[in-house]
Amino acid sequence: MVFTGIEILFFTLGVMVTLIIISLIRYNKKYKFSALSWALLGIGSFLLVFCLAWSVSSVLEGVPRAASMGLMVFGIPAILLVLTGRRTVLKNQLKND
Amino acid sequence: MVFTGIEILFFTLGVMVTLIIISLIRYNKKYKFSALSWALLGIGSFLLVFCLAWSVSSVLEGVPRAASMGLMVFGIPAILLVLTGRRTVLKNQLKND
Amino acid sequence: MNKLNSKNNNAINRRNFLKVGVAGAAIGAISIPAKGREKLVEKVNKNVGPNLIKVHDEFPYEINSTFKRHSSMDLLFSGALFGTHPEDTDILNSGHRFIENNQKHDNSKKGWDQLGAAINAGGWALHHAVSANACFSQAGQGILKWEQLSEAEGKQGSHSSKDWVSDEKYKFRDKQEASNAIKRAARLFGADLIGITKRDKRWDYTDFFDGNLMLQGKRDEAVYGWEKFPFEPKSVIVLAFEEDYECIAAAPTHLGGAAVGEGYTRMTKVAYQLSVMLKQLGYMAVPASNDVGMSVPYAIAAGLGEGSRMGTLVTYKYGPRVRLAKVYTNLDFVEYDKPIEFGVMDFCKNCKRCADACPGKAISFDTEPTFEPPYDNAWYNSTGIKKYYMDARKCIKVWGDFGSDCGSCVAACPYNKPDFWHHRLVDKITKLMPGPVHDFMREMDIAFGYGDVDNPEKVDKFFDASNRSYDGQ
Amino acid sequence: MNKLNSKNNNAINRRNFLKVGVAGAAIGAISIPAKGREKLVEKVNKNVGPNLIKVHDEFPYEINSTFKRHSSMDLLFSGALFGTHPEDTDILNSGHRFIENNQKHDNSKKGWDQLGAAINAGGWALHHAVSANACFSQAGQGILKWEQLSEAEGKQGSHSSKDWVSDEKYKFRDKQEASNAIKRAARLFGADLIGITKRDKRWDYTDFFDGNLMLQGKRDEAVYGWEKFPFEPKSVIVLAFEEDYECIAAAPTHLGGAAVGEGYTRMTKVAYQLSVMLKQLGYMAVPASNDVGMSVPYAIAAGLGEGSRMGTLVTYKYGPRVRLAKVYTNLDFVEYDKPIEFGVMDFCKNCKRCADACPGKAISFDTEPTFEPPYDNAWYNSTGIKKYYMDARKCIKVWGDFGSDCGSCVAACPYNKPDFWHHRLVDKITKLMPGPVHDFMREMDIAFGYGDVDNPEKVDKFFDASNRSYDGQ
């Protein structure tokens with residue numbers, strides 16, 4: 001193999017972080033996030049990326065339990081935060097309409 | 001240090017690649033690249049990223065000469081390709097106007 | 001013997017901490033490989049990174065008036081294997097059972113079978129061949145000999161290993177160069193961590209004994225003091241050797257023992273090689289394994305790590321998964337290292353995973369460290385240092401049952417992790433958090449599946465070839 | 001002795017090659033850590049990755065009818081140090097000058113000063129202490145002894161190192177398990193690469209000699225044959241040990257010699273440990289360094305790498321920067337490895353950097369390998385194998401001048417790189433490209449600053465502590 005697992009992981013993380021930041025900026029233009037939305041979506045996205053990073057690293061070090069726990073502990077709150085964030089955005093949107 | 005040099009490098013590469021691809025897509029929408037422009041800009045961008053990756057890696061392994069040679073050997077053609085690509089795009093644009 | 005007196009250059013500052021990553025990334029993003037950039041990264045790391053690490057000028061643990069230097073006669077192994085405390089039949093029995101059971105294996109139990117025992121024997125083989133009882137703290141064993149031949153004597157014999165003291169003394173340009181050269185050589189020979197500290201009589205044994213004479217009952221002839229030591233030591237080079245993660249994870253089994261044995265083999269190997277290097281530079285040197293002095297306080301003094309509940313050294317990079325060796329020398333023109341603190345003893349207060357994991361319940365559950373062992377007849381403990389006292393009597397009993405080194409405490413310790421970014425991150429966060437959070441982190445560590453002991457799956461994992469390359473592809 | 005007969009499962013296919021990266025990334029991007037995913041990555045790698053690597057069923061180099069097995073008497077060191085070819089005063093002189101100059105240093109020359117010499121001595125110290133002349137291909141030295149004690153004999157003595165053959169033979173479930181266990185143990189003991197191959201008499205020396213008797217002129221008494229070997233070997237476990245990159249980069253100096261010495265020390269250490277493990281499993285085992293048989297063909301047969309212009313093994317991961325040891329055993333219930341080819345011998349045709357770098361001009365500049373050495377009186381070469389023949393006479397002359405191992409060829413080789421992704425990538429690309437491109441790549445390697453020898457800056461780089469951590473932080 002030319003690239004190690006860790007190298008591929010960090011490259012992927014770079015791609016993800018960039019895409020997430022660009023999406024957030026773009027949707028903010030369209031929907032004008034409130035401070036709450038920013039907080040929820042920002043923390044949620046960060047957790048999502050962290051969850052991926054943690055779980056893949058745990059697989060690479062060969063501790064599958066740490067990987068699945070990582071998915072639960074970081075992934076579930078991440079998804080909840082992002083979904084709640086999304087709802088605050090849409091609610092705000094409805095109000096504005 | 002929490003993150004090693006290689007980890008930071010590959011994360012940065014991920015960010016760069018994403019930004020470059022998004023920019024290319026966006027400018028293509030605006031300027032409608034010819035096949036030649038695509039080739040020049042695509043190869044140029046790839047070389048640019050490769051140049052960064054190579055040179056930082058050479059610094060990390062402690063061979064500064066390989067780093068500066070990398071800048072010359074990959075960086076100069078990369079910049080030339082991108083600039084030429086840019087010119088073909090603008091020329092094309094002029095013609096279309 | 002004074003209270004700790006440490007230069008507190010420890011500004012716990014989360015913003016600073018985050019800066020490391022950001023600065024590193026920003027610098028990484030600049031592609032020009034000028035030397036200035038390297039220096040910059042280095043500078044940022046020096047100024048920001050170690051803020052999480054407290055540097056002490058003096059030995060960092062309190063020592064009170066009850067402190068007494070320890071004798072070789074009062075070491076656990078001395079009692080268990082050489083009968084220096086013949087009244088303590090408890091410990092003698094454990095020692096005998098250890099020797100007996102060490103010859104056995106049980107093919108019905110993973111990791112305790114003939115294969116595990118064979119790997120265990122392989123791990124120890126070189127140590128036993130060249131320094132036999134050094135592991136039991138016997139001084140001057142095999143190639144760990146005290147002899148300091150002169151150049152003339154050395155060249156007369158067929159000492160192709162150049163184990164003599166050169167007439168010409170090499171002059172280092174400055175102390176830093178001397179330390180760098182010694183450390184780089186030790187790294188080449190296979191030491192994973194290296195620190196250098198002043199010789200400190202507090203950590204040296206008051207006297208030594210000849211195990212064979214002791215076993216023959218010639219107690220008076222057996223004991224000897226520092227007058228036999230060939231020179232006045234000025235510095236002690238402390239070496240730490242990483243033990244195999246997967247072996248230790250399989251503790252307690254013969255595989256855990258194999259990692260320990262391999263550690264002892266390396267200790268002997270590298271300490272000997274480094275002593276030859278120093279002798280060839282014209283300085284006297286005595287390589288030491290568990291003998292001559294206590295390795296843990298020396299390692300703490302040399303900046304290799306902190307003490308811990310289980311009594312072992314906990315290093316920054318490998319946690320407690322290390323073994324220690326020393327080289328005593330009369331070279332004193334070296335830059336000494338300083339003790340460091342990065343949160344271990346603090347974390348130990350709440351964690352207690354080693355104490356939970358110990359099959360012999362030998363490790364204290366007390367929250368705070370003490371100056372005295374909290375149990376009786378503990379002649380094998382050096383007292384008067386504020387630390388957690390482990391009951392070696394219970395520990396050796398388990399070794400007797402197993403016929404192998406146990407290592408469960410090391411396997412259970414949350415500081416024992418492979419070298420991955422997420423563990424490095426958690427270690428940093430640990431240091432930043434107050435006590436109650438440590439409780440939570442301990443529970444998370446368990447929930448995430450780290451540090452469970454006596455788990456036969458870990459034996460399979462050790463042998464599993466699927467994520468390993470033996471031909472380098 | 002037949003022509004190479006290789007299963008060509010080598011479809012050089014760039015698209016496939018790129019797939020590895022893409023598949024890896026795609027799989028990496030899926031975060032669920034199910035076991036199936038690991039297996040998938042493994043499968044993708046197995047099916048796609050090694051397409052750049054040709055696997056042979058037989059020994060991959062042509063052997064013609066002039067091939068003859070080699071005798072220990074006809075090894076360069078035997079002539080240079082023990083006078084097995086007393087008529088060859090050239091080589092005897094070089095040997096004597098080597099021994100003489102090995103005691104010297106020159107404080108005016110970086111890397112050749114007392115510090116370098118001391119580190120060199122440290123590197124070799126353990127090898128010399130426990131296996132003295134094994135580096136000069138003397139068999140049965142010190143702990144590399146041929147003795148196979150029975151369990152009863154072993155337990156009678158004070159053989160705490162368990163260096164006896166167990167009465168109980170451990171039964172492995174299958175051959176793959178046996179190979180995995182042996183390789184994992186060897187890795188634990190410190191071998192970097194491990195391959196297992198059938199014992200092949202072609203690579204074993206026809207006879208051996210006792211160096212001391214030879215030096216006393218008792219030629220007839222000194223020589224002995226395989227009748228003294230304690231068992232009929234069935235398998236040979238080949239071990240490769242990485243040498244320190246920065247030491248070798250500083251070649252030729254005492255630091256280069258130190259890396260070699262450290263390599264020999266590890267060879268002895270690990271081969272001995274592995275032999276004890278095999279004995280404890282109930283099998284006979286003899287650990288060997290340069291002795292008993294030729295290491296390079298055995299390593300090629302065991303799939304550890306290819307031959308090269310300079311005559312050393314070139315491995316996939318470390319290039320030529322390795323040393324080799326062997327363990328002979330009568331265990332044959334193991335999965336054997338197969339020879340691999342990844343483009344080295346092909347690249348060697350054009351590269352010739354080792355030949356350029358050699359201070360003694362001992363390395364051939366011929367484009368194609370030959371069956372015979374292209375120079376006279378080369379009793380030290382085994383002939384009849386299609387390879388590049390190095391003129392050991394010129395090589396040892398340089399060693400005599402230096403009083404140390406040279407290593408310039410290894411330092412100059414483009415396959416000698418630290419383990420970074422861009423070198424791994426270049427290696428892959430090298431294999432994909434035809435000859436003329438290799439010329440260009442060689443020039444680029446020079447232009448990029450790799451592999452220059454006799455450069456005092458590399459000595460500073462070795463000692464430079466600024467990018468190194470000795471305390472694990």
Side-chain angles (χ1 to χ4, degrees), chain A residues 1-25 35 38-81, chain C residues 18 21-22 24-26 28-29 244-250 317-319 321 411-412 414-429 437 440-453 455 457-473:
Chain A
M1 273 289 267
V2 171
F3 299 108
T4 64
I6 276 287
E7 287 163 359
I8 295 168
L9 170 64
F10 274 84
F11 183 87
T12 314
L13 293 179
V15 172
M16 275 186 62
V17 166
T18 318
L19 289 179
I20 288 172
I21 291 176
I22 288 177
S23 318
L24 285 180
I25 292 173
W38 265 121
L40 290 170
L41 288 172
I43 297 171
S45 310
F46 172 79
L47 263 185
L48 209 62
V49 173
F50 187 80
C51 167
L52 174 78
W54 180 283
S55 296
V56 174
S57 302
S58 294
V59 170
L60 290 175
E61 68 168 336
V63 186
R65 178 135 160 238
S68 32
M69 280 300 293
L71 283 182
M72 272 179 47
V73 171
F74 308 120
I76 294 176
I79 289 169
L80 290 180
L81 284 171
Chain C
L18 288 173
V22 177
D244 187 274
Y245 180 79
E246 292 175 326
C247 267
I248 293 292
K317 188 164 179 187
Y318 309 109
R321 194 165 37 84
Y415 282 97
N416 167 33
K417 290 282 190 304
D419 190 25
F420 270 82
W421 71 272
H422 53 314
H423 302 310
R424 297 192 292 263
L425 181 71
V426 169
D427 285 350
K428 296 265 181 201
I429 292 173
V437 180
F440 172 72
M441 295 184 82
R442 170 207 138 97
E443 294 308 318
M444 290 306 279
D445 200 57
I446 297 172
F448 274 63
Y450 293 104
D452 56 326
V453 295
N455 177 350
E457 277 177 33
K458 307 260 173 145
V459 174
D460 295 331
K461 181 120 197 285
F462 171 81
F463 287 111
D464 182 15
S466 64
N467 283 310
R468 233 181 291 270
S469 154
Y470 290 116
D471 60 1
Q473 285 180 44

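Values below: all heavy atoms of this structure, side chains included; hydrogens, waters and symmetry mates excluded. Just so it is clear: chains get the letters A, B, ... in the order the sequence lines come, proteins before strands, and each one is counted from 1.
The contact between A/Leu60 and chain C is made by backbone and side chain atoms together, counting heavy-atom distances below 4.5 Å.
A/Ser45 and A/Ile20 get closest at one heavy-atom pair: CB-CG2, 3.5 Å. Between A/Leu9 and A/Ala53, the closest heavy-atom pair is CD2-O, 3.8 Å.
Heavy atoms from other residues, nucleotides or ligands lying under 6.0 Å from CZ of A/Phe50 number more than 12.
Taken from CD1 in C/Ile248 to CZ in C/Phe462, the straight-line distance is 10.5 Å, to the nearest 0.5 Å.
With a 4.5 Å cut-off on side-chain heavy atoms, C/Met444 and A/Val73 count as touching.
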No hydrogens needed, just list the donor-acceptor pairs between chain A and chain C under 3.5 Å.
from, atom 1, to, atom 2, distance (Å)
A/Ser57, OG, C/Trp421, NE1, 2.7
A/Glu61, OE1, C/His423, NE2, 2.8
A/Glu61, OE2, C/His422, NE2, 3.2
A/Glu61, OE2, C/His423, NE2, 3.0
A/Glu61, OE2, C/Tyr450, OH, 2.3
A/Gly62, O, C/Lys461, NZ, 3.1
A/Arg65, NE, C/Ala447, O, 3.1
A/Arg65, NH2, C/Ile446, O, 3.3
A/Arg65, NH2, C/Ala447, O, 3.3
A/Ala66, N, C/Phe448, O, 3.1

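The stretch residues 69-78 of chain A participates, sequence neighbours left out, in no side-chain hydrogen bond (donor to acceptor under 3.5 Å, both in side chains) pair at all.
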